[in-house]
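Report on the following structure.
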Amino acid sequence: MKGLQLLATGGALPGRVVTNEDLSRQVDTSDEWITTRTGIRQRYCCTESEDAATLAIAAARQALARSGLAASEIACCVAATLSAPTATPSVACRVQAALGLPENRPAFDVNAACSGFIYAIAAAHGLLNTLGGRYALVIGCEALSRMVDPADRTTCVLFGDGAGAAILELAEDVPFAVTLGARGSEAIRVGGPAACDTAPITMDGKAVFRFAVETMPRCLQTVLERSQKTLADLDWVVCHQANSRIIDHCIKHLHAEPSKFYKNMDRHGNTSAASIPIALHEMVENDLLHPGQTLACIGFGGGLTWGGMLLTYEGRK
Ligand code: COA
């Protein structure tokens, strides 16, 4: 079966920056507690006129422009999100309309929480192989600031908003591997947008931490085995940016080179399904990810779910 390679990225961040200092005026917390426990220093939050779909459209538009492709060449559009402004139209359908993507192609949302972007890429891969077509638009977008209880210090300090988008190409003989999994659990629970006032995010932080440090190295090893590569073959590992200490555990467990593990949670917090594509876009923008490089992306989160993929960047900027 053909694999996917990453062609171009886009990103969009909302207009309001909320620092740890800002939060320490809202709840009983401190910059010191948040930084040492999570590595997070600030996060971007939606203004009144922004939501997961407006961010998704901006990120997707940028990725499409960077790819140099026409909208008519996009064979499917999949958006990963757990904070869409409406259940329907989906974010992906809103993107289809805004970008003028062809109507005779699929557009839909995937909810696998923080693993969503990997799930969405796996879905796009399957669609291109099944329905035909060469290029996929995959988006991760969230407005989690709308879904936390602003008075709950155990969650409101962790999450942020944003969107990242990727254009992927189906190609012969490219390194590509995916692993996905799920274990039904209430360890992270989020009400739908309509129920937001009564059911904001709740989480068993310690259980999720244990789950993450057990799952991430296993996912990475699985995609390495499936693509017959070793850690030394990877230029980058892009983990879900939930917590710096979780990534450090993974590095230690794998005896890996820390500089290969990209981290940006200090600026964004945990943006769930958006965290990996935001990181990819930043890496392209900052000339860290170069054409021909191989990377693994590893996600874990609510569901519980997990996912890993290995692919190359054949960049267009
Ligand atoms: N500021 C200050 N104190 C806080 C706080 C905050 N924002 N949040 C919790 N605390 C307090 C707790 O009330 C507790 O106080 P107590 O000892 O008096 O009861 C103390 O800090 C320790 O809380 P605990 O939950 O044991 O902290 P922790 O070391 O487990 O860190 C997390 C909490 C959430 C940072 C950590 O468990 C974690 O990162 N888990 C993974 C979460 C995650 O990544 N979720 C997303 C997955 S996609």
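One-based numbering, in listed order, for ligands and for the atoms of each. Heads up: numbering here begins at 1 and tracks the sequence. Small disclaimer: the values here were computed from a predicted structure and weren't measured. Heavy-atom basis, side chains included; hydrogens, waters and symmetry copies ignored.
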*Any atoms of ligand 1 less than 4.0 Å from a non-hydrogen atom of Gly301? List them with their elements.*
48 (S)
*Take atom 8 (N) of ligand 1 and look for protein heavy atoms under 4.0 Å from it; say yes if you find one, no if not.*
yes
*Top protein contact for atom 47 (C) of ligand 1, by heavy-atom distance*: Val208 CG1, 3.5 Å
*Which of the atoms of ligand 1 are close to Ile246, meaning less than 4.0 Å from one of its heavy atoms?*
44 (O)
*Does Lys206 reach ligand 1 with a nitrogen or oxygen that is under 3.5 Å from one of the ligand's nitrogen or oxygen atoms?*
yes
*Cut-off 3.5 Å, side chains only: do Tyr262 and Glu282 have a donor facing an acceptor?*
yes
*Using protein heavy atoms only, decide if any is under 4.0 Å from atom 25 (O) of ligand 1.*
no
*If you measure from each heavy atom of Asp28 to ligand 1, is any distance below 4.0 Å?*
yes
*asked:* If you scan the protein for heavy atoms around atom 16 (P) of ligand 1, do you find one that is closer than 4.0 Å?
replied: no
*Region of Val27 that comes within reach of ligand 1 [heavy atoms, distance under 4.0 Å]*: neither
*asked:* Between Gln42 and Thr19, do the side chains contain a donor N or O and an acceptor N or O under 3.5 Å apart?
replied: no
*Verdict with supporting geometry, Met265 and Asn243, side chain to side chain contact (heavy atoms under 4.5 Å, CB included)*: CA-CA 7 Å; Met265 75 287 290; Asn243 183 318; over 6 Å; no
*Please check if any side-chain donor atom of Ser115 sits under 3.5 Å from a side-chain acceptor atom of Thr305, or the reverse.*
yes
*Indicate yes or no: at least one non-hydrogen side-chain atom of Thr312 is less than 4.5 angstrom from one of Leu295.*
no
_Test of understanding: given a 4.0 Å heavy-atom threshold, classify the contact between Phe209 and ligand 1 as side chain, backbone, both, or neither._
both
*Can you tell which of Arg37, Gln241, Arg153, Met265 gets a heavy atom nearest to atom 12 (C) of ligand 1?*
Arg153
*Asn243-ligand 1 polar pair, N/O distance under 3.5 Å*: yes
*Are Arg218 and Trp306 in a cation-pi setup, meaning NZ or CZ lies under 6.0 angstrom from the ring centre and within 45 degrees of the ring axis?*
yes
*Return a yes/no value: protein heavy atom under 4.0 Å from atom 37 (O) of ligand 1?*
yes
_Give me the residue, atom name and distance of the protein heavy atom closest to atom 40 (N) of ligand 1._
Gly205 O, 2.9 Å
*Donor + acceptor pair across side chains of Glu50, Thr47 (<3.5 Å)*: yes
*If you measure from the Lys or Arg side-chain nitrogens to the Asp or Glu carboxylate oxygens, is any gap between Lys2 and Glu169 under 4.0 Å?*
no
*Return yes if a side-chain donor-acceptor contact under 3.5 Å exists between Ser259 and Glu257, otherwise no.*
yes
_Arg41, CZ atom: more than 12 neighbouring heavy atoms under 6.0 Å_ = no
*Can you confirm whether something in the protein, heavy atoms only, sits under 4.0 Å from atom 32 (C) of ligand 1?*
no
*What is the nearest protein non-hydrogen atom to atom 1 (N) of ligand 1, stated with its residue, atom name and distance?*
Thr29 OG1, 2.6 Å
*Could you check atom 48 (S) of ligand 1 against the protein and tell me its nearest heavy-atom contact, residue, atom and distance included?*
Cys114 SG, 3.1 Å
*Between Glu142 and Thr271, does any side-chain donor sit less than 3.5 Å from a side-chain acceptor?*
no
*Minimum-distance protein heavy atom relative to atom 46 (C) of ligand 1*: Asn270 ND2, 3.4 Å
_Side-chain donor-acceptor pair present, Arg43, Ser145, cut-off under 3.5 Å_ = no
*Among protein heavy atoms, which sits nearest to atom 10 (N) of ligand 1, and what does the distance come to when rounded to 0.1 Å?*
Trp33 CZ2, 3.4 Å
*With a 4.0 Å heavy-atom cut-off (strictly under), which part of Ile34 contacts ligand 1: side chain, backbone, both or neither?*
neither
*Can a donor-acceptor pair be found between the side chains of Thr294 and Lys229 at a distance below 3.5 Å?*
no
*Identify the protein heavy atom lying closest to atom 34 (C) of ligand 1, giving its residue, its atom name and the separation to 0.1 Å.*
Leu158 CD1, 4.2 Å
*asked:* Below 3.5 Å, N or O to N or O, backbone or side chain included: is there any such pair between Met203 and ligand 1?
replied: no
*Any idea which protein heavy atom is nearest atom 44 (O) of ligand 1, and the distance to it?*
Ala242 CB, 3.4 Å
*Will you find, in the side chains of Asn270 and His240, an N or O donor that is under 3.5 Å from an N or O acceptor?*
yes
